[in-house]
Amino acid sequence: MSRMEWTEQQAVAQARGGDPEAFRALVERHSRSLFRLGYRMTGNEHDAEEVVQETLLRAYRRLGRFEQRANFGTWLYRIAVNCALDLRRAKKREESRREAPGPDPEAESSLDSIPAAGASPERLAISSEIRREVSLAMDRLTDAERAAFVLRHFEGHSIEEIGATLGLAASATKNTIFRAVQKLRGSLAPLASAAR
Amino acid sequence: MTRNHILEEELVAYHYGEAGVRAELDAHLAECAECRESYAALRGVLAMVSAAEVPEPSADYERRVWQRLEPRLEKPRWWKSLAARPAWLAVPAVAALLLAAFLGGRLTTRPADPTGGSGAAVNQAARERLLMLAVGDHIERSERVLTEVANAPGGRSVNLAAEQQWAGELVSDSRLYRQTARQAGMGGLANQLDELERILLEVARSPEKISAQEFEMLRRRILARDLMFRLRVMRSQAEERARVTPERTRREF
């Protein structure tokens, strides 16, 4: 049987048995969705690539601990979220350690960049502009808010699943998602209403 | 109207289809223009978030991921013992030999004797590069064991027997590399290795099974003070220095 023909369960079982081709099948099956998750968690391609690599590496090392009755994809996503959070924390620490000699021209305030109310809908429709604004708004979320929101909004995970991933109770998970949405509304509402 | 306006929190739950709010809020939204407007605004923002596309990786993305990943995959520990390391990296053999060379005075921290010809300098460069290679490998192994500990599955008690054994082996290696680095005039590296040694020692000396609370303390200790990040930096510096001149190596460590 080629690696393309394995079911997920078969591939996991084979990989746990030491078959690198089986692990490769799992990598091929999940790396694209891991990249999307990594991108949404970190906001850039380079970091998303790092999240994919680190996630797969950690998953490989922990395959022996994976309970086969569980869903492999969910398990992998949980690792990916933690990798992304680790990366974000490490980068924040690094940034705060550095001296800040002056304003970073790249880090323009979103308030400065929100178009005036009279901006044309055509301009607002430029996807790169929207992406930039959304990226800035997402960067204002805390790590937990960002993770919870990404898992809820983009990945459609349940409150219980998100809580399990982030180690939060259901009520705290709901509250975290709510805070994230509130912040996004605060940042993006002017742009969204101008576009309506 | 049977209820007050919908709270923002309820609208968010409604939007994501949480059970228990849908039917009630459907009825209210049908008759309340203000709440409909509020919900439309919320949907507008969330639609904008959704519209910010993620760049689509190229068609051969999966192949590229595997190409980069495969060389980094070691057989997990339940497949092979640590004893099966490459012979040239059979630490502490490498560290012991290096230390002997440094302590033996064949390599000093002073600039090479200008009248001594280039042979001594070449040997010195070769030994320092070997030290950097070995230290890079050592730090990578230490990162792995500390990552394993920090990410061990929680529970009432945590079994760290495998990690302890691994950490125990790394402690003695670390000590030799630290002494060697100090002899070579790399005080910064020696200090960092000293810090690494202490946390490895803590793992090695912890009981095989520790309570959830003890585990959390150990985990925090590992994650504190950016240790993992600094280890990554130290490793990349060592790998980089393995390719440069000895003078620069000493200056930067």
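Within every chain, numbering begins at 1; the chains are lettered A, B, ... in the order of the sequence lines, protein sequences first and strands thereafter.
Put simply, CG on B:Leu11 and CZ on A:Phe178 are 9.0 Å apart, with the number rounded to the nearest 0.5 Å. Rounding to the nearest 0.5 Å gives a distance of 6.5 Å between CZ of B:Arg72 and CD of A:Glu54. In this structure, CG on A:Leu56 lies 8.5 Å from CG on B:Leu73, to the nearest 0.5 angstrom. Between the CG atom in A:Leu57 and the CZ atom in B:Arg144 there is a gap of 7.5 Å [rounded to 0.5 Å]. For the atom pair A:Gln182 CD and B:Glu9 CD, the distance stands at 8.0 Å (nearest 0.5 Å). Here the straight-line distance linking atom CD of B:Glu18 with atom OG of A:Ser158 works out to 9.5 Å at 0.5 Å rounding.
Salt bridge present: A:Glu50 and B:Arg68 bring a charged side-chain N and a carboxylate O closer than 4.0 Å.
Ranked by heavy-atom pairs shorter than 4.5 Å toward chain A, the options B:Leu46, B:Val233, B:Thr147 are led by B:Leu46. Ranked by non-hydrogen atom pairs under 4.5 Å with chain B, the options A:Lys174, A:Glu45, A:His153, A:Arg36 are led by A:His153.
The heavy-atom pair separating B:Ser38 from A:Arg185 by the smallest distance is O-NH2, 3.5 Å. Nearest heavy-atom pair, B:Ser50 versus A:Phe154, reported as atom, atom and distance to 0.1 Å: CA-CE2, 4.1 Å. Of all the heavy atoms in A:Phe35 and B:Pro57, the pair that sits closest is CD2-CG, 3.5 Å. Among all heavy-atom pairs drawn from B:Trp66 and A:Pro20, the shortest one is CH2-O, 3.7 Å.
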Review point. Under the side chain to side chain contact (heavy atoms under 4.5 Å, CB included) criterion, do A:Val52 and B:Tyr61 qualify, and how do the steps go?
Key: CA-CA 11 Å; A:Val52 172; B:Tyr61 180 67; 3.5 Å; yes

Exercise for review: Test side chain to side chain contact (heavy atoms under 4.5 Å, CB included) on A:Gln53 and B:Val65 and set out the steps.
Suggested key: CA-CA 7 Å; A:Gln53 287 288 318; B:Val65 169; 3.8 Å; yes

Check your understanding: Under the side chain to side chain contact (heavy atoms under 4.5 Å, CB included) criterion, do A:Arg32 and B:Glu56 qualify, and how do the steps go?
Key -> CA-CA 9 Å; A:Arg32 204 166 278 262; B:Glu56 188 58 36; 2.7 Å; yes

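Atom CD of A:Gln9 has 12 or fewer neighbouring heavy atoms from other residues, nucleotides or ligands inside a 6.0 Å radius. Annotation for B:Glu34: atom CD does not count as buried by contact number, only 12 or fewer foreign heavy atoms lying within 6.0 Å.
With a threshold of 4.5 angstrom between heavy atoms, A:Phe23 approaches chain B through its backbone and through its side chain. Interface remark: A:Arg89 contributes no atoms to any contact with chain B (heavy atom separation under 4.5 Å). Contacts between A:Arg40 and chain B at a heavy-atom distance below 4.5 Å involve the side chain alone, from C-beta outward. At a 4.5 Å heavy-atom cutoff, the contact between B:Val49 and chain A is made by backbone and side-chain atoms alike. At a 4.5 Å heavy-atom cutoff, the contact between A:Ile159 and chain B is made by side-chain atoms alone.
Counting only heavy atoms from C-beta outward, the side chains of A:Glu28 and B:Arg63 never approach each other to under 4.5 Å.
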